[in-house]
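I have placed the structure first, in the form of structure tokens, so that the comments after it can refer back to it.
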Amino acid sequence: MNAMTTTRPVLDHLVIATDSLEAGCNYLQERLGVTMDAGGRHDGYGTHNRLLGVGGGTYLELIAPDPDQPEPERPRPFGLDEPQLRARIAVRPRLVHYIVRTDDIEATAGAMHYDPGPAKPMTRGQLSWRVASRFSPGALANPLPGMIEWGDQPSPGLTMPPRGVVLSRFHVLADAGKLASLALLAEDRRIHLREQSIDMLAAEFITPRGWVILD
């Protein structure tokens with residue numbers, strides 16, 4: 001590890017799952033007052049997405065099964081194939097996960113004392129990255145973040161133009177054992193940790209339509 005490498009995790013993006021990308025975009029435009037920016041498809045994973053920068057180097061990822069891809073050989077990310085989650089996102093899009101960025105996934109996982117799963121290479125258009133993300137079957141949301149390495153390219157959250165939507169607070173609710181692994185996130189004043197027996201995620205935004213919460 002060179003002197004410029006850091007294992008400290010930084011909030012990279014929030015993941016909102018939807019059963020249809022079109023329906024999800026319409027829902028978020030209605031709530032946030034802006035249209036989502038372009039995304040792309042994740043070949044081999046059976047998903048596609050749209051993005052929105054929300055300030056502080058963070059962005060929203062709206063992700064859905066891609067009907068133009070064949071059924072993937074592996075499970076779709078973020079529990080999108082789980083019956084419980086599919087039933088929930090059939091009602092409306094849901095905030096289900098979040099990803100922190102780091103220069104070294106394995107070292108950051110060690111520093112946070114939990115296993116996010118094996119890091120896998122992914123691509124979308126000209127972008128490429130490594131990501132580790134574990135989603136338990138039946139979970140409504142994952143309070144322990146996935147981890148991403150962008151390598152020598154910047155995260156989209158650092159390059160997307162401001163659109164008037166700003167993340168003001170991100171709430172992670174979980175039991176004390178899980179919260180103990182999140183101590184390294186405490187420097188980000190947007191992140192609020194609270195002990196609770198049921199895992200939940202919620203995000204507050206300042207938008208052209210006022211204060212909005214997504215969960």
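We use all heavy atoms of the structure for the numbers below, so side chains are in, but hydrogens, waters and symmetry mates are not.
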Does [X] have any salt bridge (Lys or Arg N to Asp or Glu O under 4.0 Å) partners at least two apart in sequence or in another chain, and if so, which?
X	result
Arg41	Asp43
Arg190	Asp188
Glu187	Arg8
Asp81	Arg76

Quick check: is [Y] connected to [X] through a chain of hydrophobic side chains (ILVMFWY, heavy atoms under 4.5 Å apart)?
X	Y	answer
Phe78	Met122	yes
Leu51	Tyr45	yes
Ile206	Met36	no
Leu32	Phe170	yes
Leu127	Met160	yes

Please report the closest heavy-atom contact between [X] and [Y], naming both atoms and the distance.
X	Y	value
Leu184	Ala111	CD1-CB, 3.9 Å
Leu95	Ala203	CD2-N, 3.8 Å
Gly164	Pro208	O-CD, 3.4 Å
Ile63	Pro77	CD1-CG, 4.3 Å
Pro118	Arg134	CD-NH2, 4.5 Å

Give me the other members of the hydrophobic cluster that Trp211 sits in, counting Ile, Leu, Val, Met, Phe, Trp and Tyr linked by side-chain heavy atoms under 4.5 Å, directly or via other members. Ile213

Can you spot which of Arg94, Arg88, Arg92 makes a salt bridge (Lys or Arg N to Asp or Glu O under 4.0 Å) with Asp215? Arg92

Hey, does the side chain of [X] reach the backbone of [Y] with a donor-acceptor pair shorter than 3.5 angstrom?
X	Y	value
Glu61	Ile16	no
Thr58	Val54	no
Thr18	Leu21	no
Arg209	Glu30	yes

[Y] and [X], any side-chain heavy atoms less than 4.5 Å apart:
X	Y	answer
Pro143	Leu173	no
Tyr98	Asp12	no
Cys25	Thr35	no
Trp150	Thr102	no
Arg189	Arg169	no
Ile191	Leu185	yes
Val34	Gln29	no
Ile148	Val100	no

Could you pull out all donor-acceptor pairs under 3.5 Å where a side-chain atom in residues 194-201 meets a protein atom, sequence neighbours excluded?
from, atom 1, to, atom 2, distance (Å)
Gln196, NE2, Ile198, O, 2.8
Asp199, OD1, Lys178, NZ, 3.4
Asp199, OD2, Lys178, NZ, 2.6

Given side-chain contact (heavy atoms from CB on, under 4.5 Å), test Leu182 with Met112 step by step and report yes or no. CA-CA 7 Å; Leu182 305 180; Met112 295 182 71; 4.0 Å; yes

State the [atom1]-[atom2] distance between [X] and [Y], to the nearest 0.5 angstrom.
X	Y	atom1	atom2	result
Asp37	Leu60	CG	CG	10.5 Å
Arg101	Ser155	CZ	OG	4.5 Å
Leu62	His48	CG	NE2	8.5 Å

Run the side-chain contact (heavy atoms from CB on, under 4.5 Å) check on Ile89 and Leu80 step by step: do they pass? CA-CA 9 Å; Ile89 63 178; Leu80 281 172; 3.9 Å; yes

Checking Ala109 now: which residues fulfil side-chain contact (heavy atoms from CB on, under 4.5 Å) with it, not counting sequence neighbours? Pro116, Met147

Could you work out, with side-chain contact (heavy atoms from CB on, under 4.5 Å) as the rule, every residue matching Thr159, not counting sequence neighbours? Pro154

If you apply the rule side-chain contact (heavy atoms from CB on, under 4.5 Å), what do you find for Leu167 with Leu11, and how did you get there? CA-CA 11 Å; Leu167 174 66; Leu11 184 59; 3.9 Å; yes

Where do Val165 and Leu52 land on the side-chain contact (heavy atoms from CB on, under 4.5 Å) test, with the steps shown first? CA-CA 8 Å; Val165 175; Leu52 181 69; 4.3 Å; yes

Pairs in or reaching into residues 8-43: which pass ring pair (Phe, Tyr, Trp, His ring centres under 6.0 Å), with residues at least two apart or in two chains? His13-Tyr59

Pairing residues for His171 by the ring pair (Phe, Tyr, Trp, His ring centres under 6.0 Å) criterion, not counting sequence neighbours: His192

Pairs involving residues 46-58, ordered by first then second residue, that meet salt bridge (Lys or Arg N to Asp or Glu O under 4.0 Å) (sequence neighbours left out): none

How would you list all residue pairs meeting salt bridge (Lys or Arg N to Asp or Glu O under 4.0 Å) that involve residues 149-161, not counting sequence neighbours? Arg130-Glu149

